[in-house]
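Beneath this line is the structure, given in structure tokens, with notes to follow.
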Amino acid sequence: MKCEHINQAIDDFLEQNLNRQDLVDFKNHVSECQACADKLELSRVLAAGLRQLPVAQPSAGFRQRVFAQVRSQYKTEHRQGYGYTRFAAGFASALVVSLAIWFVTNLYVPDTLVDQPQMISVAMHQTQNVRLSFDAQRNFQQVQLSIDLPANIELDGFPGQKTLSWQTSLVKGQNILTLPVFATAYGQGELQAQLRYGDKLETFRILLKANADGVQHNPLNKARSA
Amino acid sequence: MDIRNYWPFKKDSYSQFELLIGPHLNQLYKLAYRLTGQRDDAEDLVQDLLLKLFPRLQEMQQIELLSPWLTRVLYRLFIDGIRRQQRSPIDLMGDDEIAYEIHASTIAGPAEAASTELTNELINHALYKLSDDHRLLLVLHDVEGYSLQEINDMTDIPVGTIKSRLCRGRQKLREIIQLQGT
């Protein structure tokens, strides 16, 4: 082994990558060459020093601060995009509307079927709770619940998501699902709720109409408002 | 009559994001610190990373091995920052260029350097005299212990190139240490 090859050989030696013959050659060389022996020793010390380099601890509150910044930035962007800045006030004064939908399957006695989509008016740029009521005839486990939103509606805290789906269970009687809806544009669209249980699928639809004041004039909703 | 609230997302996207990223935050900060060398810069880098990642929450929720994915994104973000700062791309894939000329005549003898006490400050100082190409690979491999394959996954630099750059980087580091020891 020659001195000009020692750098790579030192790396391979320290990482135990030399084969038997190269290892013999390497050891013979460093035992005879003081310069390369010194280089090897420095490499050993340096490698150990690099592994022990400390990391300065982050400043106090770092974790809370970075996540708060994410929340702050996207909350602000979300609202500013729609020209709405007083989110907190808007949420506090949110109009709560409710809608009753009866959960019916072929296995159970039908109570009331919703033939036509009901309409709910929501005010632009305000978070409003829309409550869906599912009336189950008995307990259900492993029910797949999916919500599809119209183009102009979002759920607060889920910017950009138009579909949400999750597993849940239903108890016998009334089951309430509260959706924090947020209208991003004028117009109306259909919110679809699907309940899947085994091979049974129930689909419910309501029309969400976004207008300036969120005033609703639908007698069916009025009769069932909470 | 039983009444239950069936809205399962008591934790909104922001909270889901925190739950997803939170366990990796220390690792990300540590890597950011190794890359930047400064606490404030490392914190800023991690903050930038999180701001860029939040819109990709759904994508991240589908990723099985999130840790290597996150380190790769962090590394890319850091490299993008360097490129912006320098206003010209650094050559991560090209030939090895030695950024610092060390004249052999000014280098202390190896025996002298070996006997020099290698303080953390001395090593850190030497590390930041290396070119970015060499320093980044050294901190990833020799300091943080990422394997060659992991570094390849993170940086897209071929393993052979990583090995040769590590060798050159270590050589340069030794020379700088020896120079500092004089």
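Your options are A/Ile10, A/Asp12, A/Leu50, and the one with the most heavy-atom pairs under 4.5 Å with chain B is A/Leu50. In terms of heavy-atom pairs under 4.5 Å with chain A, the best-connected choice from B/Gln38, B/Gln58, B/Arg39, B/Lys30 is B/Arg39. With chain A as the partner, the residue from B/Leu173, B/Leu166, B/Val139, B/Val46 showing the most heavy-atom pairs under 4.5 Å is B/Leu173. Interface summary for chain A: among B/Glu144, B/Gln171, B/Lys163, the most heavy-atom pairs under 4.5 angstrom belong to B/Gln171.
B/Asn152 and B/Gln149 share a donor-acceptor pair across their side chains, judged by distance under 3.5 Å alone. For the 3.5 Å distance criterion, the side chains of A/Asn7 and B/Arg174 qualify, holding a donor opposite an acceptor. In summary, the side chains of A/Asp22 and A/Asn19 do present a donor paired with an acceptor at a separation below 3.5 Å, with no hydrogens or angles considered. At a cut-off of 3.5 Å, with distance as the only test, a side-chain donor of A/Ser59 or A/Arg65 sits close to an acceptor on the other residue.
Interface remark: B/Leu57 contributes no atoms to any contact with chain A (heavy atom separation under 4.5 Å). For A/Gln64, no part lies near chain B; criterion is any non-hydrogen pair under 4.5 Å. Only the side chain of B/Ile123 has a heavy atom closer than 4.5 Å to any heavy atom of chain A.
Qualifying ring pair (Phe, Tyr, Trp, His ring centres under 6.0 Å) partners for B/Phe78, counting only residues two or more places apart in sequence or in other chains: none.
Here the straight-line distance linking atom CG of B/Leu49 with atom CG of B/Leu25 works out to 9.5 Å at 0.5 Å rounding.
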